[in-house]
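What follows is one structure encoded as structure tokens, with my remarks underneath.
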Amino acid sequence: MPAPTQAPQPGDTCSHDIEVVPPLGVDQPGGPPKLQQGIREVQVSMALMDEFLKYAASNTRRGVESCGILAGVLDEKNGCFQISTLIIPKQEGTSDTALNEEEIFEAQDSRSLYPLGWIHTHPTQTCFLSSIDVHTQCGYQTMLEEAIAIVMAPRDARKRCGLFRLSTPGGLQLVQKCPERGFHAHPPTPTGQAVYELCGHVYLNPRVQHDVVDLR
Ligand SMILES: [Zn+2]
Ligand SMILES: [Zn+2]
């Protein structure tokens, strides 16, 4: 069951300026289309992103980042993942989000959910993945190649919402081998690809229901 919705706050909603490829459609005869990258489709609702912004609102007002974990199920029939659970971990209140991974793993494991990525806010910055963010994403994407990073940047007038992944193989391999931590520059990838890219395998599906597990 989705949590009860509240009246949206001005500036808190992720409007339709989101950049994703056109929906791939799940009801086509002959089953789901093959994706160019050979990875499975991930479905998520805008309602989940909007709800995350509500949980993040007090941090966002203070210019502090918030982070949530995206977990979900595999729809065997359609061969796609659906993000069905938003896990809100205890927030460390720093931009370098150190999370209680055991508690998050337990929350996913006890519900037999796949770790499908993470969502975080950029309260004052534009919508992009920082060098720290690409390392966080590397952890998720190494576990499951379909995992995504959603960035919510309410102050970015051009792009308030971004769905990202590391490019494969270039970006993923580069970050997996990178020994640096904290903010740092990355060299060009061996394949000439950008380190990260917009997701081409995510389908915004308003029918995907979600619940929220609040660990705070
Ligand atoms: Zn970030
Ligand atoms: Zn690095």
Side-chain angles (χ1 to χ4, degrees), residues 11-15 17-20 42 44 46 48-71 83 86-101 104 115-145 147-199 202 216:
D12 269 2
T13 53
C14 182
S15 65
D17 53 4
I18 190 163
E19 254 187 80
V20 289
V42 174
V44 63
M46 294 294 290
L48 181 146
M49 300 180 219
D50 285 341
E51 189 163 4
F52 173 69
L53 278 184
K54 286 174 195 156
Y55 279 91
S58 67
N59 272 353
T60 303
R61 273 193 295 274
R62 291 180 291 127
V64 175
E65 285 191 11
S66 305
C67 181
I69 310 299
L70 306 171
I83 297 177
L86 168 65
I87 301 170
I88 309 285
K90 290 187 184 74
Q91 307 286 322
E92 299 297 320
T94 64
S95 57
D96 195 356
T97 38
L99 304 170
N100 185 339
E101 288 177 9
I104 295 163
L116 291 174
W118 60 304
I119 180 170
H120 76 292
T121 50
H122 281 183
T124 57
Q125 288 182 290
T126 56
C127 192
F128 72 107
L129 291 186
S130 72
S131 54
I132 291 176
D133 294 341
V134 298
H135 278 265
T136 303
Q137 172 61 13
C138 183
Y140 286 101
Q141 204 171 317
T142 300
M143 271 193 289
L144 186 76
E145 59 182 340
I148 62 171
I150 303 179
V151 178
M152 307 295 284
R155 300 274 285 274
D156 187 338
R158 290 177 53 237
K159 186 174 170 64
R160 290 199 295 163
C161 199
L163 282 67
F164 302 110
R165 70 191 296 271
L166 302 187
S167 63
T168 48
L172 185 62
Q173 285 175 1
L174 177 92
V175 180
Q176 281 172 337
K177 288 182 189 147
C178 175
E180 307 270 339
R181 292 297 178 265
F183 289 104
H184 57 284
H186 283 119
T189 62
T191 54
Q193 294 169 289
V195 174
Y196 66 89
E197 62 191 14
L198 290 169
C199 291
V202 179
R216 293 174 301 177

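Since we're looking at a predicted model, the values are computed, not measured. Atoms within each ligand, like the ligands themselves, are counted from 1 in listed order.
Taking 2.8 Å as the criterion, Glu65 does not count as a coordinating residue of the Zn ion (ligand 1), since none of its N, O or S atoms falls below it.
With the Zn ion (ligand 1) as the vertex, OD2 of Asp133 and NE2 of His120 span 100° to the nearest 10°. Here His186 contributes NE2 and His135 contributes NE2, and at the Zn ion (ligand 2) these two atoms make an angle of 110°, given to 10°.
Using cut-offs of 30° and 60° on the angle between ring planes, the pair His122 and His120 is perpendicular. Taking the six-membered ring where the residue is Trp, Trp118 and Tyr140 present parallel rings, their angle staying beneath 30° rather than reaching 60°.
Distances from the Zn ion (ligand 2) to each N, O or S atom of His184 single out NE2 as the nearest.
Taking CD from Glu65 and OG1 from Thr124, the interatomic distance works out to 8.0 Å, rounded to the nearest 0.5 Å.
Using a 4.5 Å heavy-atom cutoff, the side chains of Val42 and Leu163 are not in contact.
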